[in-house]
Amino acid sequence: MINHAEVAMLEEALDVLEEGFTDLPAFAPELDPQRLRPVLEAVAARMQDNYPYPHPYYAGQMLKPPHPVARIAYALSMYINPNNHALDGGRASSAMEKECIRDIAAMFGWSEPLGHLTGGGTMANLEALWISDRLHPGQRVLASDQAHYTHGRISDVLKIPFAAVASNATGAMDMEALENELEKGDVGTVVATMGTTGLGAVDPLPRILDLQSKYGFRIHADAAYGGYFVLASNLSETTRRRYDAMTEVDSIVIDPHKHGLQPYGCGCVLFKDTSVVKHYKHDSAYTYFSSDDLHLGEISLECSRAGSSAVALWATHRLLPPVEDGEFASSLDRCVSALHQVRDALNANPAFTVLHDPMLDIIVFSVAGDDAGTVSAANQRLFDRAARRNLHLALIEMPVQFVNNRMPLDASEAETVTCLRSVLMKPEHDDWAHDIIEILNELGGS
Ligand SMILES: *Cc1c(COP(=O)(O)O)cnc(C)c1O
């Protein structure tokens, strides 16, 4: 799972970095290999206690390895350890972050947004809802019942009234249920999830925009996981139209650490209207912002932030620009294609039922059956048996009503069913789908 040539490339790049500081008196930080070695060996041993996330046989949760260029650039920049709070702490990495923000905004047809990287999608969504509340104080935030649970919790933290809107059989927000809520006249913001974390469902943004012109509210697109699929070329026409509508929303969250090939600690929030910057103003007791150029700390809630995240993302954009028809875009197509392969194979096997029409690269399915308890136990067993074959899937609790749409169950006390879930978010999954299907078919007994 590890290509050791990466380490040599880091060494070469470090030599170049050092050339920038040769006018200083020689200074070599101390290093005691004899003491470090056993500690590092212990760390490596401890880290063996993990699922093999980088391997294509890991097809469970939403986990994707960083690109080698991101990993090397991150490690390289750690020798500077820049802080993107203020230019004083990270001049180069702040400039790189601003370039990355322009690249990401361009994916959605935005040219001059206000935006910055964050520690992750939670913090990015918190900023977006905080701004929403500043603009529509006291008004409700709505998100679908399949939206990330973070929205309810963030609203609680910010003391914003929040309500969940029912989703339909596709896992996307139900438009009738949304309009029922909007008619109450107290909605400030609707969160459109552009790729739910559970099912990869994309909310019907064009219809939410229609409702916006009737009722007037802010639209925040939570595209933490799904945002990069705006670049994919093999989505269904309906899903494609939903992504195309993202140019019209007010704010966007997208996580480079989900589908953008980055190590954890890299989210991003964008605001279309740059005037929201006024809400970030603060009176620092000591003015450490040393120049008139924009310090990222002036437009973000987080203070210290890893400049290395920006460096890694910049390197990745350099190698694989996030544009349509590029190599990065086609790597997303391969994820969708891997999922289509697995979906078709499961549909062809009567031992399984696919529980929705997957829109992106997440599939939720079940061992066929008609009793909630028996089906839950069978799915759990298949999950365990697959793991023993080194194929790692995930489990997800789905409401009985959702399962009933595709696989009618006998009436019972159970409210949820344990189902199987697989996220095929590595492009290599397209080449390995055949192997994965073979194992599933064997375990499914067909
Ligand atoms: C992952 C995710 C989040 C939370 O982001 P973190 O980076 O895990 O903090 C929010 N919304 C959606 C849709 C997500 O997939």
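Each residue takes its place number in the sequence, starting with 1. Remember, it's 1-based here, ligands and their atoms both numbered in the order they're listed.
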In terms of side-chain geometry, is the basic nitrogen of [X] or [Y] positioned less than 4.0 Å from the acidic oxygen of its partner?
| X | Y | answer |
| --- | --- | --- |
| D244 | R240 | yes |
| R318 | D103 | no |
| R334 | D431 | yes |

Protein residue, atom and distance nearest to atom 9 (O) of ligand 1, heavy-atom basis: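 Residue, atom and distance for the closest contact: T122 OG1, 2.5 Å.
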Identity and separation of the nearest protein heavy atom to atom 3 (C) of ligand 1: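 In this structure, atom 3 (C) of ligand 1 has H148 CD2, 3.3 Å as its nearest protein heavy atom.
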Donor-acceptor pair, side chain of E97 and main chain of N84, under 3.5 angstrom: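 The answer is no, because no donor-acceptor pair under 3.5 Å joins these two groups.
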Within ligand 1, which atoms have a heavy atom of [X] less than 4.0 Å away?
| X | value |
| --- | --- |
| G121 | 5 (O), 6 (P), 7 (O), 9 (O) |
| D255 | 5 (O), 6 (P), 7 (O) |
| D222 | 10 (C), 11 (N), 12 (C), 13 (C) |
| Y225 | 15 (O) |
| A224 | 2 (C), 3 (C), 10 (C), 11 (N), 12 (C), 14 (C) |
| G120 | 7 (O) |

T197, any N or O under 3.5 Å of ligand 1 N or O: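 Indeed, backbone or side chain, T197 has an N or O that close.
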Test item: side-chain donor near acceptor, [X] and [Y], under 3.5 Å:
| X | Y | value |
| --- | --- | --- |
| E127 | H116 | yes |
| Q262 | S309 | no |
| D222 | H148 | no |

Closest candidate by heavy atom, reference atom 15 (O) of ligand 1, pool H151, H259, K258: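 Shortest heavy-atom distance from atom 15 (O) of ligand 1: K258.
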Heavy-atom gap H257 to ligand 1 smaller than 4.0 Å: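 Flag set, H257 near ligand 1.
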Aromatic ring pairing Y243/F229, orientation class (parallel under 30°, perpendicular over 60°, tilted between):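 Tilted: the ring planes of Y243 and F229 meet at 30° to 60°.
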Which segment of V253 sits under 4.0 Å of ligand 1 when only heavy atoms are counted: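 Neither; no heavy atom under 4.0 Å.
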